[in-house]
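Numbered from 1 within each chain, the chains take letters A, B, ... in sequence-line order.
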Number of protein chains: 2
Amino acid sequence: MSDVARLAGVSKMTVSRVMAGRSASEATRERVQRAIDELGYVADAAAGALSSGRSSFVAVLVPSLSSSNFSDTVSGLTAVLEPQGLELLIGDTDYFLDREERLVRQMLRHQPRCIALTGAQHTEATRTLLQRSGVPVVEMWDMPAEPIDMAVGFSNVSAAREIVRYLADKGHRRIGFLGGAGELDRRGLDRLKGYQMEMKALGLERHRVVQLGDSPVTMSHGGPAMAALLERWPDTQAVMCVSDMSAFGAIMECQRRGLSVPRDIAVAGFGNFEIAACCYPAITTVSVDAYGIGQRTGEAILAALAAADGASPQHPAKTRIHYTVVPRESA
Amino acid sequence: MSDVARLAGVSKMTVSRVMAGRSASEATRERVQRAIDELGYVADAAAGALSSGRSSFVAVLVPSLSSSNFSDTVSGLTAVLEPQGLELLIGDTDYFLDREERLVRQMLRHQPRCIALTGAQHTEATRTLLQRSGVPVVEMWDMPAEPIDMAVGFSNVSAAREIVRYLADKGHRRIGFLGGAGELDRRGLDRLKGYQMEMKALGLERHRVVQLGDSPVTMSHGGPAMAALLERWPDTQAVMCVSDMSAFGAIMECQRRGLSVPRDIAVAGFGNFEIAACCYPAITTVSVDAYGIGQRTGEAILAALAAADGASPQHPAKTRIHYTVVPRESA
DNA sequence: TTGAAAGCGCTACCAA
DNA sequence: TTGGTAGCGCTTTCAA
């Protein structure tokens, strides 16, 4: 920066101001800009952050980057935050809470202005870490009773109940559930819970549950899970799947077996991924606006930053995201 | 850090050493650690980077995070770099070279130790920026004749030729190509080029090309593209698609029309995404080890860092990634 | 093994 | 509108 200042014949301070886009005469601004271009000067963000006491980072933790709903959420966040000069520090927890803890600790070192987490379950240490840091937190993709600071999401339990009701309304009685095994995917477990609650409320049996595979969203397990279900309860009329991915795998398995979907068995998914619309038969699913979750989260973050700067209007702690059942061909 | 030092009854320097895991007596180490835990101290990465002159960032730019092959590459990178204490600064170019340029400039501000880019095409400004920065660069997913520094990838032209040859070996003569429109996806265009070269080499017509949709990897365009192809050239025997995503869309369209794949028409994809194996009929494709590209890139990065630290053994500039045709049901 | 001093490159603050 | 000074929180370097 000294080099730029010398070349432009001004002080370092003036260079700093020009780069920040603050008050400077046209002539000065131009001279400085020319010097910057000539030298190919790129300011050091670490020095800036250290000096000003504020970074331009916003940390985002998602369970998986390869799941299109989470990458859509990241896109929504980017769309809102990038124009404000904020940068995303993206981390992938792999669905592990202790990995989340490690990443939170690591990202906190960079003094992010805000942290967006996926889900409402965190280790005690993570909560303590966040608390002590004072960094505002947004929890996404769920609707906890008591958010750490803010939450943008919806109740996976309620959404699952809705799709079960849809299947029941279609006249199905023997309805199964296909999901992932293991405690990793809390939102998947919530959907299972929704299935069980709604089946009970409807007075239907709720034991036709197959849980397979450790990774929560893979389509590869849909097929084997469907096979297991048909083996055990051949008279099943409809199946709700934890996600469109597993629904897809399940439907492909039906086709392999010469079963017609939905004539022989109805299949519903969750998430309204691209595949649900493209697949044949197209998959009946619950549509969740993943990109919108990112946008709303971005807005919550901006509000939190404005509040930290002394603006008064507080952002609501909970932002509820709408979901709708999308009837298609498969159920 | 002063607080920690005071509480532990040592100097700041000793705290710094303990955190870096350098020489310190057991007793001191323990006392310092206790103080850190008690205060919930989290070191400031910006200050550390500024002081030491080296960050722990590695920048990675991919065209899209929602495409599973690129997120797999990111996973491979993470697996190799995270254990070394390096952090990924992940950016999404959306397939735009000028966005890549903006992101490179932005990331350079954080003094990354290395930058991994996707593809071999970059704006002049990007190249200048990288050159001046002196940061080592790895180009992924392609095999340029002259990498900026290092490249980890393969020739998309050759890979495409191989799958065309496979289709021709199956006895097909009237072979079409389904891909994305627009200049955005260079690797997609290379595959088209490979199709055209191989068809020419085989003495076959190479005009059955349908290009649809601006985003390169979406499955939604596969259906309409297949429809357009069948409309224009109804006697087409086989189709090569720019990716498994479009192949999937194309196959679903065939099923909608009551066409049997591969009996009525053969379809091949590219990439060996999860969907290619799960889909019915399973998709014949070119398998590329996306995760492996990430790992190899990570190793190239570590080698570059070691070299910068004065280690002598140079990493090869080009690392070729193998691909293989995977015969399945669809062709 | 430990400590003291200097300084990394920038911005906040106040003065001109 | 511009410049000088101080200092952000750490690590490097050298001395004890």
Side-chain angles (χ1 to χ4, degrees), chain A residues 1-33 35-36 39-57 85 87 106 108-113 132-135 308-310, chain B residues 1-33 35-36 39-57 85 87 105-106 108-113 132-135 309-310:
Chain A
M1 185 181 261
S2 303
D3 296 346
V4 174
R6 200 175 314 117
L7 184 60
V10 296
S11 72
K12 286 197 324 184
M13 245 348 278
T14 302
V15 175
S16 172
R17 286 203 193 89
V18 168
M19 298 205 74
R22 281 208 287 278
S23 58
S25 72
E26 250 329 298
T28 314
R29 178 185 306 283
E30 206 167 296
R31 252 181 323 136
V32 171
Q33 192 56 54
I36 288 171
L39 295 175
Y41 169 66
V42 176
D44 182 326
L50 179 60
S51 179
S52 67
R54 55 166 46 185
S55 77
S56 56
F57 284 128
E87 298 174 72
Q106 194 176 92
L108 242 21
R109 290 176 28 100
H110 295 287
Q111 316 275 71
R113 304 280 291 279
R132 294 216 226 203
S133 73
V135 176
D309 283 356
Chain B
M1 186 181 261
S2 302
D3 297 346
V4 174
R6 200 174 316 117
L7 184 60
V10 295
S11 71
K12 287 196 325 181
M13 243 350 277
T14 303
V15 176
S16 173
R17 286 203 192 89
V18 169
M19 298 204 74
R22 280 209 289 276
S23 59
S25 72
E26 250 331 299
T28 313
R29 179 184 306 284
E30 206 166 296
R31 251 178 326 132
V32 170
Q33 191 55 55
I36 288 171
L39 295 176
Y41 170 66
V42 176
D44 183 327
L50 179 60
S51 178
S52 67
R54 55 165 46 185
S55 77
S56 56
F57 284 128
E87 298 173 73
R105 191 187 309 275
Q106 193 176 94
L108 241 20
R109 291 177 26 101
H110 295 287
Q111 317 274 70
R113 304 280 291 279
R132 295 217 228 201
S133 73
V135 175
D309 283 355

(Q) Can you confirm whether the side chains of S55(A) and Q111(A) place a donor and an acceptor under 3.5 Å from each other? (A)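 Note: S55(A) and Q111(A) side chains miss the donor-acceptor criterion.
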(Q) Check this for me, if you would: do R54(B) and D309(B) make a salt bridge, where the nitrogen-to-carboxylate-oxygen distance has to be below 4.0 angstrom? (A)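 Looking at D309(B) together with R54(B), the answer is yes, because their closest N to O distance falls below 4.0 Å.
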Q: Please say whether more than 12 non-hydrogen atoms of neighbouring residues, nucleotides or ligands are located less than 6.0 Å from CZ in R31(B).
A: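 Check passes, neighbour count above 12.
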Q. Any chance CZ of R105(B) has more than 12 other-residue heavy atoms, nucleotides or ligands included, within less than 6.0 Å?
A.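 Check fails, neighbour count at 12 or below.
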Per [X] side chain, nearest of listed nucleotides [options]:
{"X": "K12(B)", "options": "dT2(C), dC10(D), dG9(C)", "result": "dC10(D)"}
{"X": "R17(B)", "options": "dA12(C), dC14(D), dC10(D)", "result": "dC14(D)"}
{"X": "D44(A)", "options": "dC10(D), dA5(C), dG9(C)", "result": "dG9(C)"}
{"X": "M13(A)", "options": "dG3(D), dC10(C), dT2(C)", "result": "dG3(D)"}
{"X": "L50(A)", "options": "dG9(C), dC10(C), dT11(D)", "result": "dG9(C)"}
{"X": "S51(B)", "options": "dC10(C), dG3(D), dG7(C)", "result": "dG7(C)"}

Round to the nearest Å and state the distance from [X] atom [atom1] to [N] atom [atom2].
{"X": "M1(A)", "N": "dG3(D)", "atom1": "CE", "atom2": "C1'", "result": "14 Å"}
{"X": "Y41(B)", "N": "dG9(D)", "atom1": "OH", "atom2": "P", "result": "10 Å"}
{"X": "L39(A)", "N": "dG9(C)", "atom1": "CG", "atom2": "C1'", "result": "16 Å"}
{"X": "I36(A)", "N": "dC10(C)", "atom1": "CD1", "atom2": "C1'", "result": "14 Å"}
{"X": "L108(B)", "N": "dG9(C)", "atom1": "CG", "atom2": "P", "result": "15 Å"}
{"X": "R109(A)", "N": "dC8(D)", "atom1": "CZ", "atom2": "P", "result": "19 Å"}

(Q) Quick check on DNA chain C: between A46(A) and R29(B), whose nearest nucleotide comes earlier from the 5' end? (A)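 By nearest-heavy-atom nucleotide position, the 5'-most residue is R29(B).
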Q: Between V10(B) and A47(B), just flag the one whose closest nucleotide in DNA chain C comes earlier from the 5' side.
A: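 Comparing both residues, the 5'-ward one is V10(B).
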At 4.0 Å (heavy atoms only), tell me whether [X] reaches a base, stays on the sugar-phosphate, or touches nothing.
{"X": "G53(B)", "answer": "nothing"}
{"X": "A43(A)", "answer": "sugar-phosphate"}
{"X": "A45(B)", "answer": "nothing"}

Q: Measure up the F57(B) and H110(B) rings against each other and bin them: parallel (under 30°), tilted (30 to 60°), perpendicular (over 60°).
A: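 Perpendicular.
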Q. Is any N or O donor-acceptor pair between the side chain of S2(B) and the base of dG9(D) shorter than 3.5 Å?
A.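 Not at all, since no donor on one side and acceptor on the other fall under 3.5 Å apart.
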Q: For A46(B) and A49(A), work out which heavy atoms get closest and say how close.
A: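 Shortest heavy-atom separation between A46(B) and A49(A) comes out as CB-CB, 4.2 Å.
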If you compare every side-chain N and O of [X] against the phosphate oxygens of [N] (OP1, OP2), does one of them come in below 4.0 Å?
{"X": "R22(A)", "N": "dA12(C)", "result": "yes"}
{"X": "S52(B)", "N": "dC10(D)", "result": "no"}
{"X": "S11(B)", "N": "dG3(C)", "result": "yes"}
{"X": "T14(A)", "N": "dT1(D)", "result": "no"}
{"X": "S25(B)", "N": "dT1(C)", "result": "no"}

